[in-house]
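Within every chain, numbering begins at 1; the chains are lettered A, B, ... in the order of the sequence lines, protein sequences first and strands thereafter.
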2 protein chains.
Amino acid sequence: MKSVVPVTTTEIKTACSQCNLRELCLPFGLDPREVDQLDELVGARRKIKRQQHLYRSGDGFEAIYAIRAGSFKTDVILEDGRDQVTGFQMTGEVLGLDGISTEHHSCNAIALEDSEVCVIPFSRLEELSRQVESLQHQFHKIMSREIVRDHGVMMLLGSMRAEERLAAFLLNMSQRFTARGFSPSEFHLRMTRDEIGSYLGLKLETVSRAFSRFQEEGLVAVQQKHIRILDTPGLKRLLNHHAA
Amino acid sequence: MKSVVPVTTTEIKTACSQCNLRELCLPFGLDPREVDQLDELVGARRKIKRQQHLYRSGDGFEAIYAIRAGSFKTDVILEDGRDQVTGFQMTGEVLGLDGISTEHHSCNAIALEDSEVCVIPFSRLEELSRQVESLQHQFHKIMSREIVRDHGVMMLLGSMRAEERLAAFLLNMSQRFTARGFSPSEFHLRMTRDEIGSYLGLKLETVSRAFSRFQEEGLVAVQQKHIRILDTPGLKRLLNHHAA
DNA sequence: GGAGCCCTTTGATCCACATCAATACTATTC
DNA sequence: GAATAGTATTGATGTGGATCAAAGGGCTCC
């Protein structure tokens, strides 16, 4: 749509108040005036190219990041080189919360595709959330949600077999795509089999075999990174009826 | 000890300002006047007998809990009965953060021994932390620390072998006992082999065998739940030099 | 302080996933 | 549009920890 309105319009268009992710993100539950206050705080945006780091383990912590476009993975690396993907993040989700505790980041955040984040200086966020109760509460909910999510991953890693883990992963992805207005049953994974494996505590070959098995059983149609879920109840059954 | 002093004295003795756990807990970093404000907020204390629940998954969320005495485990239970211990908590640590996100708890908290917690009504904590910057910041650090800890557990569950997991667990316990003024090398575990196994994603037999192996190799002296660490560097070596 | 029960240890066997290996597919890059 | 590197699939074999089993030890609770 061509427009003769001044440049400021473009800026407003990328502000929280105009962002279509605001129900998933930090502005959730804020009234319009409060969202405007948040807008002032969210200054810079930062573009991150595929495979580049948003931050690295050990980096000083000054800001958290809301994903505006694209997606990321976070991972932890041990001295001996072993690494573990701790999460995949999509638009509207917040990155960097790990840095609050020590003033330094404790994991790496890497873009899975060309992405863009909103930089939210943390001390200013704390300042504003002392004034805006709804912002404070939403921020606490976001942190708590991360803790609950992590517990789910622990359950997955500690008690589930390979196919259950992959089923849980696919259902989780489906649910998150749905929340963003995409198809629940058809989507494109941005991460490799190796990265999925690292997240699920499996080797990439095991992930690949599980995908093949799901395909044989008519649960999903897999074409590389393109996934079509054919039998959601079937996947859910895999999770609940533990056939051990 | 019989006493003729008024009841209030006893109450003050158990207040944050008088609590020897205050450097580990919520009052950390607060000046004396601010700690007094926190004292007013922390009203009730609650005694929990061994094996009893502090809260259950599904319970409504109204408060977080600081452990004054004793210890707890938290676990998540799946519909099919499988469960996973997500953490062990000691004095000065905070329980219940999982409840913020949905207003309902998403895990169970169970006392490993007769214990006592300080009940911190959450809405009042949010209110006070809007006024007291240092309290706000300390609370955020505590939540962030939980997230970082969870990432460590994911690394453990996803990438380590049985003996590495147990070594990491023992070193972590040692460090936490040390922070509480106890011996770094000699302590009493409050949880069973089964609970350790659940936390580490292992069966109790595997935990038992790993303990026996550590004993044979002179790394620790194990007598049921009483542990004496004989070779801390040896345990650390087990972690870093991944002999796969 | 004794009975009963839960917890722990240890051994034998099994199996799910890792590892090793080769091939095929896809996407980039020039 | 051919060359190349990264990614994915599939097969054969190995192994760490699970499972099954049995006995011993130490708490807890009357």
Side-chain angles (χ1 to χ4, degrees), chain A residues 49-51 73 82-85 110 112-114 156-170 188-217 220-227 238 242-244, chain B residues 49-52 73 81-85 110-114 156-169 188-217 220-227 238 242-244:
Chain A
K49 284 227 162 286
R50 188 173 122 85
Q51 300 284 36
K73 68 170 177 181
R82 279 181 288 180
D83 70 322
Q84 171 83 18
V85 171
I110 299 147
L112 293 174
E113 59 194 306
D114 293 357
L156 186 146
L157 291 171
S159 325
M160 293 186 183
R161 30 196 44 264
E163 292 187 6
E164 292 176 308
R165 296 185 200 189
L166 189 64
F169 170 76
L170 289 175
H188 188 84
L189 297 176
R190 297 342 279 227
M191 66 293 286
T192 66
R193 299 287 188 264
D194 194 35
E195 288 165 333
I196 296 171
S198 175
Y199 180 61
L200 299 178
L202 302 169
K203 291 291 145 180
L204 68 96
E205 295 95 327
T206 306
V207 174
S208 180
R209 277 184 244 269
F211 267 126
S212 301
R213 197 121 204 288
F214 285 177
Q215 176 132 287
E216 280 169 32
E217 287 166 1
V220 296
V222 185
Q223 211 165 16
Q224 305 291 125
K225 289 176 170 159
H226 189 86
I227 305 290
L238 251 172
H242 185 221
Chain B
K49 284 227 161 286
R50 187 173 124 84
Q51 300 282 38
Q52 287 191 334
K73 69 169 176 181
R82 278 180 290 181
D83 70 323
Q84 171 83 18
V85 171
I110 298 147
L112 293 174
E113 58 194 308
D114 293 358
L156 185 146
L157 292 171
S159 324
M160 292 187 184
R161 30 194 44 267
E163 292 187 7
E164 292 176 307
R165 295 184 200 190
L166 189 63
F169 170 75
H188 189 84
L189 297 176
R190 291 354 269 230
M191 66 293 286
T192 66
R193 299 286 189 263
D194 193 35
E195 288 165 333
I196 296 171
S198 175
Y199 180 61
L200 299 178
L202 302 169
K203 292 291 146 181
L204 69 95
E205 295 95 326
T206 306
V207 174
S208 179
R209 279 185 243 270
F211 268 126
S212 301
R213 197 120 205 287
F214 284 178
Q215 177 133 287
E216 280 169 31
E217 287 167 0
V220 296
V222 186
Q223 211 165 14
Q224 306 290 123
K225 288 175 170 159
H226 189 86
I227 305 290
L238 251 172
H242 185 223

- Query: Between atom CZ of R209(A) and atom CG of L204(A), what is the distance when rounded to the nearest 0.5 Å?
  - Reply: 9.5 Å
- Query: Only one of L200(B), I196(B), T206(B) clears side chain to side chain contact (heavy atoms under 4.5 Å, CB included) with R165(B); which?
  - Reply: L200(B)
- Message: Without decimals, in angstroms, what is the distance between Q223(A) CD and dT26(C) P?
- Response: 8 Å
- Would you indicate, yes or no, if dG17(D) has its OP1 or OP2 atom less than 4.0 angstrom from a side-chain nitrogen or oxygen of T206(B)? no
- So what does G197(B) touch, heavy atoms closer than 4.0 Å: a base, only the sugar-phosphate, or nothing? nothing
- Message: Base, sugar-phosphate or nothing for S212(A)? Non-hydrogen atoms, less than 4.0 Å.
- Response: sugar-phosphate
- Spacing between F211(B) atom CZ and dT8(C) atom P, to the nearest angstrom: 9 Å
- Task: Can you tell me the distance, in whole Å, between the NZ atom of K49(B) and the P atom of dC29(D)?
- Result: 10 Å
- Task: Please state whether the phosphate of dT7(D), meaning OP1 or OP2, lies under 4.0 angstrom from any side-chain nitrogen or oxygen of K225(A).
- Result: no
- Message: Can you tell me whether the side chain of E205(A) and the base of dC20(C) have a donor-acceptor pair closer than 3.5 Å?
- Response: yes
- Do you know which of R190(A), K73(A), K225(A) makes salt bridge (charged side-chain N to carboxylate O under 4.0 Å, His left out) with E195(A)? K73(A)
- Length of the line joining L202(B):CG and dC17(C):P, which is rounded to integer Å: 15 Å
- Note on the structure: Note: for R50(B) and V207(B) on DNA chain D, the residue whose nearest nucleotide lies more 5' is V207(B)
- Under 4.0 Å between a side-chain N or O of T192(B) and OP1 or OP2 of dC6(C)? no
- Item | Check ion pair K49(A)-D114(A) (N to O, under 4.0 angstrom) | yes
- Do R209(A) side-chain and dG11(D) base share a donor-acceptor contact under 3.5 Å? yes
- Walking DNA chain C from its 5' end, the first of K203(A) and Q224(A) to be reached, judged by nearest nucleotide, is K203(A)
- Query: Can you check the L204(A) CG to dT10(D) C1' distance for me, whole Å?
  - Reply: 12 Å
- Taking atom C1' of dT8(C) as reference, at what distance in whole Å does atom CD1 of I227(B) sit? 12 Å
- Task: Check the distance between dC17(C)'s C1' and E164(A)'s CD and give it to me in whole angstrom.
- Result: 14 Å
- Item | Presence of donor-acceptor pair under 3.5 Å, side chain of R193(A) and base of dT10(D) | no
- Keeping the roles fixed (side chain from Q51(B), backbone from A111(B)), state whether a donor-acceptor pair exists under 3.5 Å. no
- Message: Expressed as a whole number of angstroms, how long is the span from R165(B):CZ to dG17(D):P?
- Response: 7 Å
